[in-house]
Every structure is written in C-alpha cells, then in structure tokens.
Amino acid sequence: MASLWLCGIPVAQAAVAGPSVAMHYGAKPPWNELSAFDWVVLEPGHHGDIAARAQAAPRTRFMAYLSVGEVNRQHPQHDAVPSAWLVGRNKAWNSAVIDQRTPEWPAWFVEHVARPQWEQGYRGFFLDTLDSYQLVAKTPEERAAQEAGLVRVVKALKAAFPQAKVITNRGFEILPQVAQDVDMVAAESLYRGWDQATMRYRAVSDPDRAWLLGKLDEVRTQHRLPVLAIDYVAPAERALARETARRIRTHGFVPWVTTPELDAMGVGSVEVLPRRLLVLHDATIGADAAELTYSGALRFIGTPAYYLGLVPEFINPDERELPPVRAGEVAGIVTLFMVDRPRPAMAAWLRGAIAAGIKVAAFGEPGLSDAAVLRDTYGMLRSQNETAPVAPVVFSKKTPAIGFEITPIPGKLNFTALTAPAGSELLLQARDGRGELMDAVAYTPWGGYALSGHDVVRLTAGEAAYRWVIDPIAFLRRALALPAMPVPDTTTETGRRLLLVHIDGDGFANRSDLVRAPLASEVLLRDVLQRYRVPTAMSVIEGETSPSGLYPKLSAEMEGIARRMFALPHVEIGSHTFSHPFQWGDVEKGSFGKGYALDLPGYRFDAEREIQGSIQYIQSRLAPAGKPVVLLQWSGNTNPSEQTLAVLAKSGVLAINGGETLTTNALNSMTHVAPLGIQKGPYFQVYAPNQNENVYTNLFTGPLYGYERVIETFQLTERPYRLKPVNIYYHTYSASRRASLEALHRVYRWALAQPLHPVYTSDYVRKAMNYDRIVIARSDDGFLVRGAGALRELRAPRSMGVPQVGRSLGLAGFVAGEQEQYLHLSASDAWVSFAPNADPSAHLVDANARVVSMERTPTGTRLQLHSHVPLRMAIRHPTGCAVTLGGRRLTPVSSTDGVHLYASDKDGTETLTIGCP
C-alpha cells in the first residue's frame with residue numbers, strides 16, 4: 001500500500017503517491033474547495049493577497065504558474081522582456097519563445113517573474129513551457145545550449161527560494177541535472193487530452209501513452225520524484241473524469257483531470273463534493289438582502305438544504321445575472337417561483353446546466369411560461385386545450401411519497417394539464433372530468449418537480465400556515481442525486497444534541513408579582529441563573545440599565561444585579577444593543593422613537609453606537625475584569641441590514657437571533673422551522689435555533705405559561721429529522737410573572753432530564769459560522785474533511801456502512817441512530833473510512849464534552865475532553881479495557897452490548913485514556 005499525502009499524514013490508498021494537487025487558472029477560484037488539496041497551482045496576477053488565503057487554509061501550499069520558455073504576446077510581461085531575447089513564435093498559443101541561452105535570463109526570471117509572486121504569498125512554482133525551445137533549436141548543439149540555459153534558470157530559482165516547492169511540466173531532457181532542485185514532475189495527456197488546433201477533446205493513442213508512461217516511470221524510479229498527470233475531460237463528462245483519475249492513480253501518479261483552460265474544479269487524488277446549492281426564486285429582494293428574510297424561498301428551501309449539508313445561495317434571476325455553473329462546482333439547482341412568466345435567459349441557462357449534468361428540483365410554478373420553452377427546457381408537455389378544467393378532478397395516481405405533512409385535495413384551482421418528460425417516475429397524478437392529465441409531482445431524468453399546490457399547501461387557517469405535501473429532504477436528496485457523504489451538523493456534538501441558553505435583556509426594570517415586587521432581573525438571578533448552572537448567555541439593553549437610560553433611579557440597582565449575573569462562571573456576556581431597535585430596516589433609514597426603538601431623548605440611530613457603544617458600556621461598567629463581551633443579541637424584528645452587519649464585523653463580537661422557528665403540535669410543519677441563518681452580502685447572520693417566549697405567549701399577553709410549549713418545538717425538531725439543537729431562549733421579563741417563571745422551570749427541568757450537550761451560545765454561533773467553510777472530498781476508500789474548526793460533528797446515513805475508527809484519522813467515535821449516524825471529529829482535518837462490518841476499535845459513543853484532541857497509542861487512545869458540566873460519556877470497548885480520567889480509573893455506571901456508561905463529577909478539561917490489552 002502506498003500513501004496519499006493528505007492532512008499532513010499518510011493515509012492508505014492503493015497505488016497513489018505524492019501530495020494531492022489541484023490547478024485552477026480562473027479569475028475566481030473556489031477557495032474553500034481548493035483547500036482540500038495539499039498543493040494548489042494558480043495563475044498569478046488577479047488573486048491579490050495569497051498570504052491571507054494561505055493563512056485561512058494552513059494545510060494548503062499555493063503555487064504560482066510561471067512560463068519559462070514562452071511569454072504570451074498579450075501578457076503584460078511580454079513588452080518587458082528585451083526583444084533580443086525572443087527567438088521564435090508558438091502560433092498555437094500566440095506566444096513568443098524565449099532564448100534560454102541569454103546569460104541575463106535566469107536572474108531576470110527570478111527577480112521579475114518569480115519574486116513578485118513570492119512576495120504575494122506563493123510558496124511554490126509550477127514551471128511550464130520547458131520544451132518550447134524545441135520550436136527553434138533544430139540541431140543537437142542548439143538544443144544542448146538551450147537545455148543548459150533552462151538548467152541555470154531552475155537552479156537560480158531554487159537558490160533564490162530554497163523553501164519553495166517546484167513542479168516542472170515535463171522537462172525530461174534537463175531532469176538529470178535538476179532532479180535535486182525539483183519536487184514533482186508533471187505531464188499532460190496520459191489518457192485524455194486536448195487538441196488546441198482543432199479545439200477538441202481527444203483520447204490519447206496507445207503509442208503516445210506508452211512513450212509517456214516510460215518517461216514518467218523513469219521520473220519515479222530513477223529520480224524518486226512524484227508524478228502529476230494532468231488530463232483533460234469536458235466538464236459535463238464528470239463520470240469520465242472520475243474514471244480517468246482512477247486510471248491515473250493505478251500507475252502510482254497524482255491525478256488532476258480538468259478542462260484545458262484549467263478554470264474548473266477537477267478531479268484529483270480526491271474529488272471535492274460540492275455543497276453549493278443555487279436557489280432561484282421570484283421574491284423581490286432588490287439591493288437589500290434583508291428582504292430575503294420574508295421570502296418563501298428561504299422559508300421552504302433553507303432548512304432542508306442545511307439539513308442535507310448544502311450551502312444555499314438565493315438568486316432572483318429577474319434582478320441579477322445568473323452565475324456560470326459547471327458540474328462538480330454546484331450540488332444542484334432549486335427553483336421556486338410563485339409567478340409563471342417568460343424568462344428566456346434563465347431558460348437558456350437551465351438548459352446549459354442540465355446538459356452539463358447538473359440536477360434541478362423545481363417547485364411551484366415552472367417560471368418559464370411559454371409551452372415551447374417549457375418543452376425545450378424540461379421536456380414537459382403542456383396541453384393545447386386552454387379551457388378550464390372540468391370537474392370532478394381526482395387523483396389517478398398517488399404514491400406513499402405524497403402526504404408527508406398533508407395530502408392535497410384534488411380540485412380545479414391548481415390543475416394544469418401537464419405531462420412529465422419521458423423516463424419520469426410519477427409520484428402524483430390528477431385527472432379532470434374531461435380526461436386531461438396533470439403529472440403533479442415526479443422525479444425526472446434531469447431531477448424532479450412538484451407543481452404549485454402539490455409541493456406545499458397553504459392552510460385556510462392563516463396566511464402563514466403551510467404544510468409540505470412531500471418530504472422536502474427526501475425529495476431534494478433524490479431529485480438532485482446527492483451523493484452519500486458525511487455532512488457538517490450544527491445540532492449535535494460528540495453524539496449528543498446541543499443545549500444552549502440565551503436571554504435577551506428586555507424587562508430588566510420590570511417588577512415581579514412575587515412578594516415585595518422585586519425586579520424581574522433580581523428574580524432571574526436568584527431563581528434561574530443561580531439555580532441552573534448550565535452555559536448561559538445573558539445580555540442587557542444599555543438604554544434600560546444605564547444611568548442615562550429610561551430608568552435612572554433604578555440604574556444603580558440594575559447595574560448591580562447585572563454585575564452579579566456577569567460574575568457567574570457559567571454566564572457569558574452579551575449586549576442587547578443600546579436602544580433596542582424594533583424595526584431595523586426603518587430605524588436604519590432614519591425612523592425613530594416610539595414603535596421603532598426605545599424612546600431615548602435626543603437619540604437617533606447609529607449602528608456604531610448600538611453595537612460598539614453598548615459593548616463598551618457593558619465592558620467598562622458591568623463586566624468583571626478580564627471577562628469580555630462575546631455576543632450581540634439582535635433586537636426587535638432581528639433583521640439588520642448588510643451595512644449594520646459590517647459594523648458588527650468590525651466590533652469583533654459574534655451575534656445571534658432571528659429566524660422565527662415556531663413549530664408546535666398546532667403548527668406541525670418543517671415550513672415553521674427556520675434555516676441556520678441568512679447570507680447578507682459577505683456576512684452571515686446566525687439565527688437563533690428556537691424562538692423566545694414572546695411568540696408562545698402572544699407578545700406576553702397570555703397565556704403567560706405558554707413558553708412551556710417550546711418543549712413541543714424541541715420534540716418536533718428532533719423527529720423525524722434532528723433539525724435544531726435545544727435552545728432555551730427568553731427575556732428577562734419571563735421572571736416577572738409566576739406563570740411565566742414556572743413555565744421556565746418546566747422547560748429547564750425537561751431539558752436537564754435529556755442526554756444533551758450543554759454549550760455556550762457563542763460556541764453555537766462559531767459552529768454555524770464554520771458550517772460553510774468545511775470541505776468534504778472523497779476518494780476510493782474514504783472521505784477527507786478539512787476546515788472543521790469550531791464545528792466538529794458530521795452526520796452520515798447509515799446506508800454508507802459503519803465508520804471505521806481504527807482505519808480513520810481524526811475520528812474519536814460515532815453514535816448510530818435509526819437512519820443517521822453522528823461522527824465525532826478530534827481535529828479540524830480528518831480522514832473517515834466506512835465499511836460494511838463493525839470496527840472492533842474502542843471509541844467514544846457519545847459525551848456531553850467536546851473532544852479537544854486525540855492521540856492513538858499502541859495500547860489504546862488518549863483524549864482531551866472539555867465539558868461545561870459534570871462529565872457523562874458512553875464508550876464502546878472490549879471487556880478488560882481500563883478507562884481513566886485525569887489518571888483515576890473509572891468504573892462503569894452500567895454496561896450494555898459492549899457500550900459502557902461512565903460518569904464523573906469533574907468538568908473543564910480532562911484527559912481520558914482508554915487502554916486495551
């Protein structure tokens with residue numbers, strides 16, 4: 001078994017040797033995805049500060065493409081090269097050939113070509129056009145002189161940058177003289193190539209491949225250098241690209257299969273699995289992404305997309321141009337249109353995407369209007385009969401996939417005579433009294449669709465109440481042909497569902513209805529915060545508590561209470577802003593006063609004052625020395641603009657709130673479960689996992705005990721899918737009434753009786769912010785994970801097999817559920833392997849602690865665990881193994897089928913050792 005150089009450690013994989021390499025010469029590289037590779041070759045000149053990119057991807061070395069033998073006539077450096085040094089022309093690429101015999105050329109190349117890239121942050125060079133001299137050197141003597149010049153260039157480069165990694169593209173003739181200066185040798189077109197003259201992809205002939213294989217074997221055996229084989233395959237032929245990479249790997253070479261422009265995400269030693277999902281919709285967004293908050297696209301597609309591990313990007317094609325897409329770069333496309341109208345540019349874009357092999361899931365209206373365009377795009381045929389449907393309308397076919405939350409009632413209102421394309425699998429079909437058919441829901445060769453009224457149903461009980469006809473998670477997984485893969489999960493850590501608590505400061509000055517009417521904040525401190533010692537984020541509104549706020553006579557008392565709250569070791573400090581804006585969009589545009597924010601005399605909205613000013617107030621007057629403010633908890637409608645998020649980013653604190661998750665037994669639908677958050681320009685606003693007591697108590701008008709119904713929300717977001725962590729989220733004023741306070745106690749008691757993993761709210765926010773930066777890539781025998789910093793839990797379907805802890809790297813253990821299994825990572829980079837059979841290796845099944853680090857030893861496993869509460873954990877290990885915590889041997893509380901439960905009164909960071917003879 002050779003090794004694959006990933007994560008800086010060797011991982012077994014047959015017949016592959018060398019660091020993984022990706023090449024991307026486009027102007028907008030997919031930076032996240034490229035971080036899955038050890039070396040990444042870029043075309044310099046339009047990527048700015050590579051050093052910053054390298055810092056964000058510490059496992060990746062960025063290398064600059066440099067042309068040694070030619071300079072393109074359109075390149076800025078062409079005119080800088082003295083004309084006397086140019087001795088020929090390469091017509092196919094419109095380049096000038098450089099005379100390598102020129103004495104000044106090596107030093108000029110180092111200083112004018114290589115050094116600017118080194119200063120940009122590149123730490124390696126890909127040297128191309130090393131055989132261009134053959135276009136002008138016709139005699140053995142001339143070729144020898146040119147080759148000697150090339151040798152001088154390579155040696156000068158290595159002398160100037162001894163730490164740089166160097167890849168040569170071929171250069172077989174000079175390799176004996178420079179092998180010690182080179183780290184890898186590349187060659188193009190081993191199996192599949194590109195003919196620049198005819199502009200066509202081609203298969204490499206057997207004689208040409210045999211010759212090249214002979215040369216590459218010499219590189220590997222005689223010079224002991226890894227080989228990079230670069231082949232070219234059309235973007236739409238992704239299966240051929242995978243097969244070509246596999247064939248290259250059988251020779252022990254590092255593959256990179258891409259397009260001749262090298263501007264696509266190719267297939268290499270691993271294949272990055274795209275997580276980007278394009279969601280096309282017709283909600284009016286305009287320049288302010290805050291309006292997306294209220295769109296059906298975010299409401300209906302966001303939560304299923306995040307559960308599937310995807311990163312949704314919402315686009316209104318009526319407002320902005322659609323981006324270029326290629327297979328391997330997006331996980332799929334979803335459309336959700338409320339209005340069917342002509343969109344010719346979008347139709348052409350969709351046809352191109354489908355032709356490239358990208359799957360589409362269409363909900364609602366097709367969004368194309370014209371019957372001919374619908375036929376040409378989706379292959380769907382609309383009836384020529386334009387008369388209204390005739391009663392009765394009945395379902396002529398209905399499969400078990402229909403009726404996930406509701407079964408639609410057949411009728412004339414949503415009937416459109418439409419036939420699915422050939423090769424489709426019908427899930428729901430209706431027929432009217434005239435015999436016209438409507439194929440309402442179907443999986444198709446290009447993906448799948450669910451027509452309006454047969455995807456989600458709006459209930460007559462209220463405009464905001466909806467139900468899914470189909471299971472959107474199952475439908476998207478099948479329609480988009482999503483690969484079985486581990487995905488990041490923000491609901492869980494170390495196998496246990498997360499518990500987080502955060503409190504908005506509203507009502508600090510309210511009087512309680514308890515004896516002697518203490519302040520609600522005093523009751524909250526005494527009866528809740530000092531009683532339930534779980535990680536909690538507490539916030540205050542400066543405009544309420546400060547001496548210059550609304551209650552100056554109570555300020556001293558309130559500030560004293562806040563100081564005692566913030567001094568508690570399990571409480572982290574948050575700000576609930578300065579003036580508590582109720583309507584962020586309005587106050588940002590100048591509206592202020594009653595109904596828009598706290599009516600603070602003379603104050604007008606200022607984002608810096610709301611965020612940084614309130615943080616400074618808390619830090620200077622309320623926080624214990626050395627304990628920082630870590631969180632901003634959005635107020636009011638929790639919908640700040642991109643500009644306000646930019647101010648937040650400068651402050652350095654995290655933020656949470658928004659989302660409107662409110663599914664209960666009365667509103668039991670995934671449509672009432674908000675997504676992870678919302679992207680606004682370059683900023684991601686993290687939503688609160690659950691809603692606060694305000695919405696369960698009808699704006700605290702009653703029933704005041706209504707917050708106990710959040711337990712229903714916790715249960716409904718656990719099954720059939722775990723969509724959210726348990727989030728106890730409320731206001732200070734909940735401690736002002738006996739009924740609401742008792743509801744709080746019931747919620748806490750329920751949560752603390754569950755096997756949860758308590759974390760700080762800021763921990764959860766960091767996980768949510770980490771979600772889209774995690775990269776998953778696959779090879780023949782496992783999955784590479786990179787970028788799992790704060791977020792260390794993956795979820796994978798049980799159909800993938802059993803995680804092999806002993807054969808994986810950075811995997812501390814796993815716990816299996818009914819359909820899904822949760823994988824616990826011990827590092828930001830990992831390699832996870834699956835197999836049909838169980839792995840006998842001892843491992844962590846679940847715990848209420850984070851795995852900080854892990855070390856495998858010949859006799860067992862050593863784990864650093866960090867918990868915020870007394871440690872509880874389950875470990876699978878054979879009988880006879882010794883489990884110690886902090887050097888003290890533990891005795892199982894109970895044992896069942898090889899899984900042993902352990903408990904400790906310790907919290908904080910402890911060393912766990914599982915020693916097996």
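Please read all numbers here as calculations on a predicted model, not as lab measurements.
Here Ile409 pairs with nothing under the side chain to side chain contact (heavy atoms under 4.5 Å, CB included) rule; sequence neighbours left out. Residues passing the side chain to side chain donor-acceptor pair (under 3.5 Å) test with Arg247, sequence neighbours excluded: none. Every side chain to side chain donor-acceptor pair (under 3.5 Å) that Tyr232 has, sequence neighbours left out, goes to Glu188.
Contacts classified as ring pair (Phe, Tyr, Trp, His ring centres under 6.0 Å) and involving residues 332-364 (residues at least two apart or in different chains) are given here: Phe363-Trp468, Phe363-Phe475. Counting only residues at least two apart or in different chains, ring pair (Phe, Tyr, Trp, His ring centres under 6.0 Å) contacts with residues 373-395 comprise Tyr378-Trp446.
Side-chain contact of Ser669 with Glu405: a donor-acceptor pair under 3.5 Å is present, judged by distance alone. Residues Thr387 and Asn385 bring a donor and an acceptor atom of their side chains to less than 3.5 Å of each other. Using a 3.5 Å distance cut-off with no hydrogens or angles, the side chains of Asn639 and Tyr294 do pair a donor with an acceptor.
A donor-acceptor contact shorter than 3.5 Å is absent between the side chain of Glu33 and the backbone of Met265. Between the side chain of Thr663 and the backbone N or O of His672, no donor-acceptor pair lies under 3.5 Å. Looking at Thr664, its side chain does come within 3.5 Å of a backbone N or O of Ala666 through a donor-acceptor pair. A donor-acceptor contact shorter than 3.5 Å is absent between the side chain of Trp256 and the backbone of Asp231. Side-chain atoms of Thr416 never come within 3.5 Å of backbone atoms of Leu418 as a donor-acceptor pair (strictly under, hydrogens ignored). Panel note: side chain Asp340, backbone Leu368; a donor-acceptor pair is recorded below 3.5 Å. A donor-acceptor pair under 3.5 Å is formed between the side chain of Lys680 and the backbone N or O of Pro640. A donor-acceptor contact shorter than 3.5 Å links the side chain of Thr717 to the backbone of Thr713. Using modelled atom types, one side-chain atom of Gln679 and one backbone atom of Gly681 make a donor-acceptor pair closer than 3.5 Å. A side-chain donor-acceptor contact under 3.5 Å links Asp432 to the backbone of Val390.
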Task: CA sep, side-chain torsions, deciding dist, call: Met346, Leu280, side-chain contact (heavy atoms from CB on, under 4.5 Å) - done: CA-CA 9 Å; Met346 184 188 77; Leu280 313 188; 4.0 Å; yes
- [ ] Show the numbers, then the answer: is there a salt bridge (Lys or Arg N to Asp or Glu O under 4.0 Å) between Arg341 and Asp318?
- [x] CA-CA 11 Å; Arg341 70 175 190 77; Asp318 301 329; 2.7 Å; yes
- [ ] Please assess Arg238 against Glu271 for the test salt bridge (Lys or Arg N to Asp or Glu O under 4.0 Å), listing each intermediate value before the final yes or no.
- [x] CA-CA 11 Å; Arg238 197 68 176 175; Glu271 178 187 8; 3.3 Å; yes
TODO: Verify side-chain contact (heavy atoms from CB on, under 4.5 Å) between Val441 and Leu451, making sure each step is shown before the conclusion.
DONE: CA-CA 6 Å; Val441 183; Leu451 296 180; over 6 Å; no
Task: Tyr449 and Met380: CA distance, side-chain angles, deciding distance, side-chain contact (heavy atoms from CB on, under 4.5 Å) verdict - done: CA-CA 11 Å; Tyr449 69 88; Met380 301 163 68; 3.8 Å; yes
Task: Chi angles and distances behind the side-chain contact (heavy atoms from CB on, under 4.5 Å) call for Ile354, Val360 - done: CA-CA 7 Å; Ile354 291 170; Val360 179; 3.9 Å; yes
- [ ] For Ser369 and Arg343, run side chain to side chain donor-acceptor pair (under 3.5 Å): C-alpha distance rounded to whole Å, both residues' side-chain angles, the deciding distance at 0.1 Å, then the answer.
- [x] CA-CA 8 Å; Ser369 185; Arg343 293 179 172 90; over 6 Å; no
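A 4.5 Å side-chain heavy-atom check between Leu190 and Val204 finds every atom pair outside the cut-off. When side chains are defined from C-beta on, Leu459 counts as touching Arg467, because their heavy atoms get closer than 4.5 Å. The closest side-chain heavy-atom distance from Asp781 to Ser779 is below 4.5 Å. Contact of the Val785 side chain with the Leu794 side chain is registered, since non-hydrogen atoms from C-beta on lie closer than 4.5 Å. Annotation: side chain of Thr335 is not in contact with side chain of Pro366 (no heavy-atom distance under 4.5 Å). By the 4.5 Å heavy-atom criterion applied to side chains, Leu292 and Asn316 are not counted as neighbours. At least one side-chain heavy atom of Met670 sits less than 4.5 Å from a side-chain heavy atom of Leu723. You'll find the side chain of Pro260 stays beyond 4.5 Å of the side chain of Gln196, heavy atoms only.
Interatomic distance, Glu660 CD to Thr638 OG1, rounded to the nearest 0.5 Å: 6.0 Å. To the nearest 0.5 Å, atoms NZ (Lys359) and CD1 (Ile333) are separated by 12.0 Å. Rounding to the nearest 0.5 Å gives a distance of 11.5 Å between CG of Leu482 and CD1 of Ile473. The OG1 atom of Thr293 lies 8.0 Å from the CD1 atom of Ile285; values are rounded to the nearest 0.5 Å. The line from OG of Ser295 to CD1 of Ile678 is 7.0 Å long, rounded to the nearest 0.5 Å. The distance from the NE2 atom of His24 to the CG atom of Leu262 is 9.0 Å, given to the nearest 0.5 Å.
For Arg722 and Tyr822, the positive end sits near the middle of the six-membered ring, less than 6.0 Å away and at most 45° from its axis. With Phe37 as the aromatic partner, Arg786 does not meet the cation-pi criteria of under 6.0 angstrom to the ring centre and within 45 degrees of the ring axis.
Nearest heavy-atom pair across Val330 and Ile358 is CG2-CD1, 3.8 Å. Residues Gly801 and Gln821 share a closest heavy-atom pair of O-NE2, 2.8 Å. The nearest pair of heavy atoms linking Arg434 to Ala388 is NH1-O, 3.5 Å. Here the closest non-hydrogen pair linking Leu823 and Ala796 is CD1-CB, 4.3 Å.
Ion pairing of Arg249 with Asp780 is present here, as a side-chain N (NZ or NE/NH1/NH2) and a carboxylate O approach within less than 4.0 Å. One finds a salt bridge joining Arg478 and Glu425 here, because a Lys/Arg side-chain nitrogen approaches an Asp/Glu carboxylate oxygen to under 4.0 Å. A salt bridge links Arg326 and Asp263; the closest N-O separation between the charged side-chain nitrogens and carboxylate oxygens is under 4.0 Å. Taking a cutoff of 4.0 Å between a charged side-chain nitrogen and a carboxylate oxygen, Asp376 and Arg351 do not qualify as a salt bridge. For the pair Glu436 and Arg431, the salt-bridge criterion is not met [side-chain N within less than 4.0 Å of a carboxylate O]. Taking 4.0 Å as the cut-off between side-chain N and carboxylate O, Arg795 and Asp489 count as a salt-bridged pair. Using a 4.0 Å cut-off between charged nitrogen and carboxylate oxygen, Glu313 and Arg320 count as a salt-bridge pair.
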When the side chains of residues 300-311 are checked against the rest of the protein, which donor-acceptor pairs come out under 3.5 Å, sequence neighbours left out?
unit_1: Thr303; atom_1: OG1; unit_2: Val673; atom_2: O; d: 2.5
unit_1: Thr303; atom_1: OG1; unit_2: Ala674; atom_2: O; d: 3.1
unit_1: Tyr307; atom_1: OH; unit_2: Glu820; atom_2: OE2; d: 3.2

